[in-house]
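Computation of the quantities below employed the complete heavy-atom set of this structure, encompassing side-chain atoms and omitting hydrogens, waters and symmetry-equivalent molecules. Every value quoted in this text rests on a predicted model; they were computed, and no experiment measured them.
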Amino acid sequence: MSQTTQAVARDTNKPLEPPSEFIVKVQDINDNPPEFLHGPYYARVPEMSNVGTSVMQVTATDADDPTYGNSARLVYSILQGQPYFSVEPQTGIIRTALPNMDREARQEYDVVIQAKDMGGHMGGLSGTTEVKITLTDVNDNPPKFPQSVYPMSVSEDKVPGEEVGRLKAKDPDLGDNGLVNYRLVDGDGMGMFELSTDSETREAVIKLKKPVDFETKRSYTLKVEGSNPHVDPQFLAWGPYKDEATIKISVEDADEPPVFVAPSYTFEVEENAPQGTLVGRVHAKDTDVANNPVRYMIPRYTDVEQFFSINSEDGMITTTRPLDREALAWHNISVSATEIGHHQDTKVRVNIRVKDVNDNPPEFASNNEVLMCESVAPGKVIETVSAVDKDERTHRQHFTFSLAPEVAHNHNFSLKDNRDSTASVYVLRKGFSRLTQDVFYLPVEINDNGFPALSSTNTLTIRVCSCDSKDTILSCNVEPYVLPAGLSTGALIAILACIVILLVIVVLFVALRRQKKEPLIVFEEEDIRENIITYDDEGGGEEDTEAFDIATLQNPDGANGFLPRKDIKPELQYPIRPGDRPAANSVDVDDFIKTRIAEADSDPTAPPYDSIQIYGYEGRGSLAGSLSSLESVTTESDLDYDYLQSWGPRFKKLADLYGTKDCCVNDVDDGEDS
């Protein structure tokens with residue numbers, strides 16, 4: 001460290017001499033102990049390592065000056081961990097100090113290392129650190145079975161694949177070093193049992209490979225070997241790394257069901273054989289030591305129609321009725337065998353073939369009609385017939401054909417046997433006419449060569465047809481094809497769909513008409529003017545307030561909500577024709593009504609508001625005896641009803657109603673009938 005100084009006058013503060021530089025050197029003392037900056041430490045070393053095997057190196061630091069004295073000169077020593085480990089004083093390298101350190105005996109060690117300065121002399125400072133040393137595993141232990149002999153047992157009713165027992169060899173090593181593989185190496189049960197390894201528990205599993213029989217062999221011996229698949233060459237001398245154990249398996253007796261002497265049976269029986277015909281015999285025996293008698297039966301579900309029966313004691317199968325090969329050629333049934341006093345049973349398949357006998361005569365292979373032209377030439381072959389037989393066909397089967405005796409000498413057709421189970425039909429003459437005879441029936445006799453030989457007579461139908469010059473058939477006298485009376489499902493569905501569519505259209509039409517409030521039938525040409533409504537009830541007189549408003553007779557336009565405008569001239573005028581209006585002094589009501597009807601008929605814009613209501617009862621409360629009750633409201637009208645005054649007292653009220661300009665008339669009572 002350098003320092004610059006200068007002397008100055010105290011009173012003037014002026015330099016008295018030039019600046020001088022001083023160098024100050026600080027001398028170190030041992031005031032800092034050693035420190036392990038990265039402790040604590042963890043180290044691993046294989047077990048059974050040789051003495052002096054390096055484990056790891058630890059290093060301490062000292063803050064003192066390493067160039068001055070011994071303040072920073074460190075020496076390492078071990079305070080804890082002897083005699084297993086040692087440390088080099090100058091480098092801090094930790095090494096093993098004992099041979100054959102076994103991980104299985106002790107796996108972890110705690111070691112304390114000290115670093116001291118001053119070269120380790122008295123007065124030096126020190127620091128310590130911990131080192132945790134773990135011994136890693138090596139394969140230094142062979143597997144070992146805890147027992148030399150393992151007893152096991154298996155029942156004779158066990159099926160292959162079932163477990164018999166387990167065993168496991170112990171190996172204290174870890175991971176792959178402690179892995180053990182098992183195998184069967186010897187024993188008389190190697191063909192009856194198999195060995196596998198449980199991947200989770202690492203146990204040897206003994207399983208049944210084939211069924212065992214107590215009555216045949218009652219015990220088996222197996223020798224099992226367990227070995228390490230991974231062996232360290234460094235420790236080969238410590239081997240062998242395998243062990244063996246013996247397994248003694250005893251077979252236990254079980255109540256087994258009977259056993260048939262054959263896995264299946266096949267028998268034959270002739271068709272049409274009488275009831276009780278022997279088909280064959282099945283046999284089962286009890287393999288247990290007791291050797292109980294066996295009883296037989298046929299499960300009904302395998303012989304639903306009960307064609308066969310079996311003797312329950314000796315297993316003889318017989319027929320219960322004649323069998324038909326053409327109906328069913330093979331019968332596959334089962335037979336069950338059960339020990340007396342036990343419920344276990346065994347079933348065996350029994351296949352019964354029905355042997356064919358010649359019991360079906362031959363017949364035409366096809367029953368189609370033969371179509372022949374009217375102009376067919378004599379000697380022409382019109383058909384080649386063949387035959388079939390429902391009986392079993394053999395390679396020597398043969399059919400022969402001939403005409404039936406009753407037509408053997410006919411002059412129309414002949415038949416020739418082709419000796420290959422077919423025959424040809426020839427025409428003997430010409431001049432056939434379908435108008436004279438359109439169908440010919442030719443009986444043909446067919447014989448087979450079975451034993452016994454059978455024959456049948458079959459009729460060949462020959463129809464005469466009209467042909468062109470190239471012998472192409474134009475028409476035959478065949479009944480026309482008539483469509484069936486019933487309808488198909490598709491046709492019925494189509495008809496129903498049409499009906500539904502029509503109904504929907506009608507409903508929509510009615511709904512639209514109702515929405516528009518129009519009648520369903522519109523008479524375009526008819527202009528309705530009057531409505532005559534007849535009520536078969538009694539009038540209410542003055543008390544009837546629901547009667548027809550007679551004001552509509554005075555002003556039909558006002559009743560419809562339409563009032564003629566006074567400020568403009570109407571486009572069309574329909575004046576009353578002279579002579580149509582009754583005279584003022586007229587008392588003829590009939591003329592008055594006819595005049596009103598004529599006016600309505602001549603006016604195309606007038607709605608039908610005229611109405612006549614007829615009552616068969618005169619209302620109550622009127623001194624004059626009212627014919628009807630009219631509730632009306634007067635409206636403006638340009639009509640002149642003054643002539644009503646001349647009709648007399650009977651129509652006084654009516655004349656007052658129509659002959660005046662009063663705004664409102666409530667009730668009009670007329671005491672006499674008009």
Donor-acceptor pair, distance only, cut-off 3.5 Å: does the side chain of [X] make one with the backbone of [Y]?
{"X": "E108", "Y": "L135", "result": "no"}
{"X": "T320", "Y": "Q306", "result": "yes"}
{"X": "Y265", "Y": "H283", "result": "yes"}
{"X": "N447", "Y": "F401", "result": "no"}
{"X": "D286", "Y": "P258", "result": "no"}
{"X": "T246", "Y": "T221", "result": "no"}
{"X": "K168", "Y": "P146", "result": "no"}
{"X": "S456", "Y": "P362", "result": "yes"}

Would the number of heavy atoms belonging to other residues, nucleotides or ligands and lying under 6.0 Å from [atom1] of [X] be above 12?
{"X": "R106", "atom1": "CZ", "result": "yes"}
{"X": "K144", "atom1": "NZ", "result": "no"}
{"X": "R44", "atom1": "CZ", "result": "no"}
{"X": "E130", "atom1": "CD", "result": "no"}
{"X": "Q147", "atom1": "CD", "result": "yes"}
{"X": "K347", "atom1": "NZ", "result": "yes"}

Regarding [X] and [Y], is there a side-chain donor-to-acceptor distance under 3.5 Å anywhere?
{"X": "T96", "Y": "S49", "result": "no"}
{"X": "D448", "Y": "N358", "result": "yes"}
{"X": "S227", "Y": "N181", "result": "no"}
{"X": "D173", "Y": "N141", "result": "yes"}
{"X": "N32", "Y": "D62", "result": "no"}

How about [X] and [Y]: do any of their side-chain heavy atoms sit closer than 4.5 Å?
{"X": "V279", "Y": "T319", "answer": "yes"}
{"X": "E363", "Y": "I446", "answer": "no"}
{"X": "E326", "Y": "N360", "answer": "yes"}
{"X": "P160", "Y": "P211", "answer": "yes"}
{"X": "V45", "Y": "T53", "answer": "yes"}
{"X": "Y150", "Y": "K248", "answer": "no"}
{"X": "T277", "Y": "T318", "answer": "no"}
{"X": "I340", "Y": "R295", "answer": "yes"}

For [X] versus [Y], what's the shortest heavy-atom pair and its separation?
{"X": "V138", "Y": "P46", "result": "CG1-CB, 4.2 Å"}
{"X": "V294", "Y": "A337", "result": "CG1-CB, 3.6 Å"}
{"X": "S421", "Y": "F399", "result": "OG-N, 3.2 Å"}
{"X": "Y41", "Y": "V58", "result": "CD1-CG1, 3.8 Å"}
{"X": "V164", "Y": "L208", "result": "CG2-N, 3.9 Å"}
{"X": "Y241", "Y": "F235", "result": "OH-O, 2.7 Å"}

K217 and D188: CA distance, side-chain angles, deciding distance, salt bridge (charged side-chain N to carboxylate O under 4.0 Å, His left out) verdict: CA-CA 11 Å; K217 187 174 177 61; D188 57 0; 3.5 Å; yes
Between R281 and Y296, is NZ or CZ placed under 6.0 angstrom from the six-membered ring centre and within 45° of the ring axis?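 Negative - R281 is either too far from the ring of Y296 or too far off its axis.
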Nearest 0.5 Å, what's the [atom1]-[atom2] distance between [X] and [Y]?
{"X": "L167", "Y": "L195", "atom1": "CG", "atom2": "CG", "result": "7.5 Å"}
{"X": "I113", "Y": "T128", "atom1": "CD1", "atom2": "OG1", "result": "10.0 Å"}
{"X": "N351", "Y": "F267", "atom1": "CG", "atom2": "CZ", "result": "9.5 Å"}
{"X": "D137", "Y": "E47", "atom1": "CG", "atom2": "CD", "result": "5.0 Å"}
{"X": "L454", "Y": "D389", "atom1": "CG", "atom2": "CG", "result": "7.5 Å"}
{"X": "E203", "Y": "D198", "atom1": "CD", "atom2": "CG", "result": "6.0 Å"}

One pair to check against side-chain contact (heavy atoms from CB on, under 4.5 Å): T91 and Q57. What are the steps and the verdict? CA-CA 7 Å; T91 62; Q57 182 179 13; 4.0 Å; yes
Quick test of your reading of the model: are R95 and E88 salt-bridged, counting only N-O distances below 4.0 Å?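 Salt bridge between R95 and E88, a charged N being under 4.0 Å from a carboxylate O: yes.
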Check the angle between the aromatic planes of [X] and [Y] and answer parallel, tilted or perpendicular using the 30° and 60° thresholds.
{"X": "Y182", "Y": "F145", "answer": "tilted"}
{"X": "F193", "Y": "Y220", "answer": "perpendicular"}
{"X": "F308", "Y": "H331", "answer": "perpendicular"}

What side-chain donor-acceptor pairs closer than 3.5 Å can you find for residues 151-159, not counting sequence neighbours?
residue, atom, partner, partner atom, Å
S153, OG, E252, OE2, 3.3
S155, OG, D157, OD1, 2.6
E156, OE1, F214, N, 2.9
E156, OE2, A254, N, 2.8

Is there a side-chain contact (heavy atoms from CB on, under 4.5 Å) between W330 and R325? Walk through the geometry before answering. CA-CA 8 Å; W330 283 89; R325 190 205 68 86; over 6 Å; no
Could you walk me through whether E163 and R166 pass salt bridge (charged side-chain N to carboxylate O under 4.0 Å, His left out), step by step? CA-CA 8 Å; E163 182 178 320; R166 295 183 174 221; 3.1 Å; yes
Steps toward side-chain contact (heavy atoms from CB on, under 4.5 Å) verdict (I249, I206): CA-CA 10 Å; I249 303 175; I206 307 298; 4.3 Å; yes
Please test N272 against D324 for side chain to side chain donor-acceptor pair (under 3.5 Å), starting from the C-alpha separation and ending with a verdict. CA-CA 6 Å; N272 303 324; D324 185 7; over 6 Å; no
With sequence neighbours excluded, give me every salt bridge (Lys or Arg N to Asp or Glu O under 4.0 Å) pair touching residues 232-246.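 Sorted result for residues 232-246: E225-K242.
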Evaluate E194 against K207 for salt bridge (charged side-chain N to carboxylate O under 4.0 Å, His left out), listing each step before the verdict. CA-CA 5 Å; E194 59 186 0; K207 294 183 179 181; over 6 Å; no
